[in-house]
Amino acid sequence: MSAGPEEIAAAIARLKSGGVVAFPTETVYGLGADAFDPKAVARVFELKGRPANNPLIVHVSGAAMAREVVSEWPSAADSLAEAFWPGPLSIVLPKSARVPSIVTAGGANVAVRCPEHPLTLALIETLGTPLVGPSANPSGRTSPTSAEHVRASFSDHDVLVLDGGVCRRGIESTVLRLLPSPMILRPGVIGATAIERVIGASVSRFGADERAASEPLVSPGLLEQHYAPRTPAYLVAEHETEAALARVPGPVAVVTATSIQVRGPHVVEPMPPDAEGYAAALYAALRRADARGAGTILVVAPDTASGDPAIWDAIMDRLSRAAKRWKA
Ligand code: AMP
Ligand code: MG
């Protein structure tokens with residue numbers, strides 16, 4: 001199941017020679033390559049079919065390595081690294097000269113984070129070099145939360161997959177720009193309130209107006225359609241579910257909110273009711289629903305009233321990009 005010393009050694013050899021290795025993190029699996037090797041990074045873009053204007057997150061083993069990647073390291077970054085690393089927070093800062101421009105899609109800033117997974121931390125530490133690590137899926141599609149998901153996409157390619165089990169968090173990191181003022185570019189399980197508590201400054205949230213104007217993309221996760229299954233998917237409010245089921249020809253794959261029951265020939269993916277559990281289960285449920293050969297996937301909007309609002313916010317952000325809003 002979990003990769004051992006031999007696989008880690010093979011992964012290091014692969015990365016040193018400019019190859020690509022998929023690695024586990026607590027969020028989703030990453031498609032890794034030496035961040036300082038522009039050719040290796042180019043291969044990652046090619047494998048994903050990722051647009052060149054979509055920058056990559058650089059994965060480091062800690063704050064010391066992060067300082068090699070950025071040209072400024074404000075005290076707020078230090079506090080955030082201390083509080084949240086290793087963990088699901090990517091910090092955007094001006095890049096250092098060592099980071100090739102392909103990594104940042106030509107931009108002046110780089111996103112950096114320290115992932116919380118023992119295998120990957122060991123990998124980066126032993127290699128002594130940061131790794132780019134976009135989600136290990138074809139561009140725009142559902143992110144992988146298991147080694148199996150990665151193999152399903154890249155088995156025909158020369159990608160070594162380090163199996164580190166199922167991702168504990170299940171959705172991508174919070175992306176936080178620090179300068180000139182703190183702003184969340186992509187929501188994740190670490191929310192504005194938790195960040196504000198650590199840095200003692202208010203944190204804004206990237207909105208629709210800035211989204212329309214951002215070029216090159218401030219954040220790839222901001223693309224309107226992203227994280228999407230191949231099967232047409234719709235996000236429905238719970239009270240619309242029966243009507244939606246009657247409208248689309250069956251069978252339909254339904255990702256339920258736990259409180260609803262779906263009858264008939266439909267494929268049902270029941271979801272955990274709590275925010276952490278829902279986030280961790282979401283992408284695997286979308287993938288299973290996608291694999292059922294249904295004509296439509298209906299995702300019933302979860303009840304976000306209790307639990308951590310930051311996590312529900314991140315979940316709703318991903319759902320709104322993976323599925324179109326149902327219009328009766
Ligand atoms: P993915 O590679 O699909 O996991 O998504 C990568 C994420 O990294 C995007 O959603 C962006 O939010 C973020 N990102 C990477 N580099 C930058 C950057 N230089 N500036 C802003 N956001 C970035
Ligand atoms: Mg992605």
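One is the number of the first residue; the rest follow in order along the sequence. As the structure lists them, so they are numbered: ligands from 1, and atoms in each ligand from 1. Values below: every heavy atom of this structure, side chains too, minus hydrogens, waters and symmetry copies.
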### Task
Verify, without hydrogens or angle tests, whether T25 (side chain) and T27 (backbone) share a donor-acceptor contact under 3.5 angstrom.
yes
### Message
Could you work out, with ring pair (Phe, Tyr, Trp, His ring centres under 6.0 Å) as the rule, every residue matching Y278, not counting sequence neighbours?
### Response
W312
### Query
Are any of the side-chain heavy atoms of R318 and H226 separated by less than 4.5 Å?
no
### From E172, K48, R50 - option closest to atom 6 (C) of ligand 1 by heavy atom
R50
### Task
Identify whether the distance between the nearest side-chain nitrogen and carboxylate oxygen of E172 and R186 falls below 4.0 Å.
no
### Query
In terms of atom number and element, which parts of ligand 1 are under 4.0 angstrom from non-hydrogen atoms of P134?
2 (O)
### Message
If hydrophobic residues (ILVMFWY) are linked whenever their side-chain heavy atoms come closer than 4.5 Å, directly or via other members, who joins V254 in its cluster?
### Response
Y234, V236, L245, V248, V252, I260, V262, V268, L298, V300, W326
### Query
Do any nitrogen or oxygen atoms of R186 lie less than 3.5 angstrom from nitrogen or oxygen atoms of ligand 1?
yes
### Task
Answer with yes or no whether the side chains of S173 and S90 bring together a donor and an acceptor at under 3.5 Å.
yes
### Task
For residues 126-155, pull every pair meeting ring pair (Phe, Tyr, Trp, His ring centres under 6.0 Å), keeping only residues two or more places apart or in separate chains.
none
### Task
May I ask you to identify, for L56, whether its side chain, its backbone, both or neither come under 4.0 Å of ligand 1 on a heavy-atom basis?
backbone
### Short N or O distance, H226 and ligand 1, threshold 3.5 Å exclusive
no
### Summary
Atoms listed for the Mg ion (ligand 2) (protein only, N, O or S, under 2.8 Å, no waters) are S135 OG
### Any V92 heavy atom less than 4.0 Å to ligand 1
yes
### Query
Do W73 and L80 share a hydrophobic cluster (ILVMFWY, side-chain heavy atoms under 4.5 Å, transitive)?
yes
### Task
Specify side chain, backbone, both or neither for V175, according to which of its non-hydrogen atoms lie closer than 4.0 Å to ligand 1.
side chain
#### Entry: Test item: side-chain donor near acceptor, N137 and S153, under 3.5 Å
no
### Query
Which ligand 1 atoms does L185 reach within 4.0 Å, using its non-hydrogen atoms?
21 (C), 22 (N)
### Query
For the ring pair H117 and F23, is the centre-to-centre distance below 6.0 Å?
no
### Task
Check ligand 1 against N109 and write out every atom of the ligand that is under 4.0 Å from a heavy-atom position of the residue.
19 (N)
